Amino acid sequence: RLAKKEKKGRTKEGVTIEELGRKSDLAFSITAKKVVGVESLLPDYEDLESDSQFEALNDAIDAAHVAGVSIISSRRFAEFVDGPRLVRFYPGDKSHGSRKQQQSAVLVAKSMGDFGLFGIQPLRVAFEEEATNVETVTFYTLAGGHFDGEVRFSIERKGGVATADTDKGVVSEIKEEGGVVVSVSIVVPKRGRLLNRRLAE
């Protein structure tokens with residue numbers, strides 16, 4: 001299973017990259033996290049009272065989280081990636097075939113193959129977790145690919161934080177706007193085939 005103790009991350013192109021320390025039982029681990037803001041979903045609410053602003057903010061976060069959960073459920077992880085299609089993810093059809101076929105997927109990435117060519121990594125669902133604010137799916141690698149381990153996709157709802165006017169019973173100030181946290185983790189156990197660090201990032 002994926003380890004949970006991670007070092008403080010560094011930021012690269014707006015994405016926080018976290019790595020495990022040297023004393024880990026894993027040979028390799030990396031997690032990329034990004035907080036997706038919801039500004040584009042907010043109405044023009046500058047003239048609203050603080051409590052109405054806070055309600056509109058959390059409604060927008062809920063909408064973004066529902067959209068993210070839909071992506072996790074449908075496994076469309078690379079469909080909306082900006083820029084060149086250097087990484088592609090092809091999930092099994094959840095409505096056809098055997099259960100194994102439905103739970104299978106293929107990760108295709110440039111430079112993962114031999115001689116710097118595209119490489120194909122077959123995967124299968126290890127487990128799925130669903131909580132109130134977090135949705136996660138983890139895949140394990142299959143034989144015939146280029147590295148050993150697990151790949152985890154997760155989306156988390158991070159609600160806004162506000163201070164309240166206890167006398168009036170309303171929000172007095174919005175401290176943090178929150179958003180949706182998207183994260184992808186790759187881990188390789190000791191003695192497993194390693195994935196190139198630069199490619200993983």
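Nothing here was measured: the structure is a model prediction, and the numbers come from that model.
- At least one side-chain heavy atom of Val137 sits under 4.5 Å from a side-chain heavy atom of Val125.
- What you find for Gly149 and Pro189 is that their closest heavy atoms are CA-CD, 3.8 Å.
- Counting heavy atoms from C-beta outward, Ile186 and Leu195 have side chains that approach closer than 4.5 Å.
- Closest heavy-atom contact between His65 and Thr132: CE1-O, 4.0 Å.
- Between Ile61 and Arg157 there is a side-chain heavy-atom pair separated by less than 4.5 Å.
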### Task
Walk me through it: do Val180 and Val35 pass the test side-chain contact (heavy atoms from CB on, under 4.5 Å)?
CA-CA 6 Å; Val180 173; Val35 179; over 6 Å; no
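- Among pairs with a residue in residues 128-147, those fulfilling ring-ring contact (aromatic ring centres under 6.0 Å, His included) read Phe89-Phe139, at least two apart in sequence or across chains.
- Panel note: side chain Asn133, backbone Glu156; no donor-acceptor pair is recorded below 3.5 Å.
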### Task
Kindly determine whether Ser185 and Arg152 satisfy side chain to side chain donor-acceptor pair (under 3.5 Å), including the steps that lead there.
CA-CA 5 Å; Ser185 301; Arg152 178 182 66 188; 3.1 Å; yes
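- Considering Thr141, Leu194, Ile30 in turn, Leu194 is the only one that fulfils the side chain to side chain contact (heavy atoms under 4.5 Å, CB included) rule with Val188.
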N/O donor to acceptor pairs below 3.5 angstrom from side-chain atoms of residues 103-110, sequence neighbours left out:
unit_1	atom_1	unit_2	atom_2	d
Ser104	OG	Lys100	O	2.5
Ser104	OG	Arg124	NE	3.4

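- Here the side chains of Ser154 and Glu129 are not in contact, with every heavy-atom distance at 4.5 Å or above.
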### Task
Start with the C-alpha gap between Leu26 and Phe28, add the side-chain angles, then the distance that decides, and say whether side-chain contact (heavy atoms from CB on, under 4.5 Å) holds.
CA-CA 5 Å; Leu26 300 170; Phe28 177 85; over 6 Å; no
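- Side-chain contact between Phe77 and Val184 is absent, with no heavy-atom pair separated by less than 4.5 Å.
- At a threshold of 4.5 Å between side-chain heavy atoms, the hydrophobic network of Ile, Leu, Val, Met, Phe, Trp and Tyr places Val36 and Ile71 in one connected group.
- Under the 4.5 Å side-chain heavy-atom criterion for Ile, Leu, Val, Met, Phe, Trp and Tyr, Val181 and Val134 are members of distinct hydrophobic clusters.
- Val69 and Val182 fall within the same hydrophobic cluster, where Ile, Leu, Val, Met, Phe, Trp and Tyr residues are linked whenever their side-chain heavy atoms come under 4.5 Å apart, directly or through other members.
- Scanning all heavy atoms of the two residues, the minimum distance from Pro91 to Arg75 falls at CB-CB, 3.3 Å.
- In terms of heavy atoms, Ser29 sits closest to Val187 at OG-CG1, 3.4 Å.
- Summarising the geometry of Arg193 relative to Gly145, their closest heavy-atom pair is NH1-O, 2.8 Å, with the distance given to 0.1 Å.
- When all heavy atoms of Ser70 and Arg76 are compared, the pair lying nearest together is OG-NH2, 3.5 Å.
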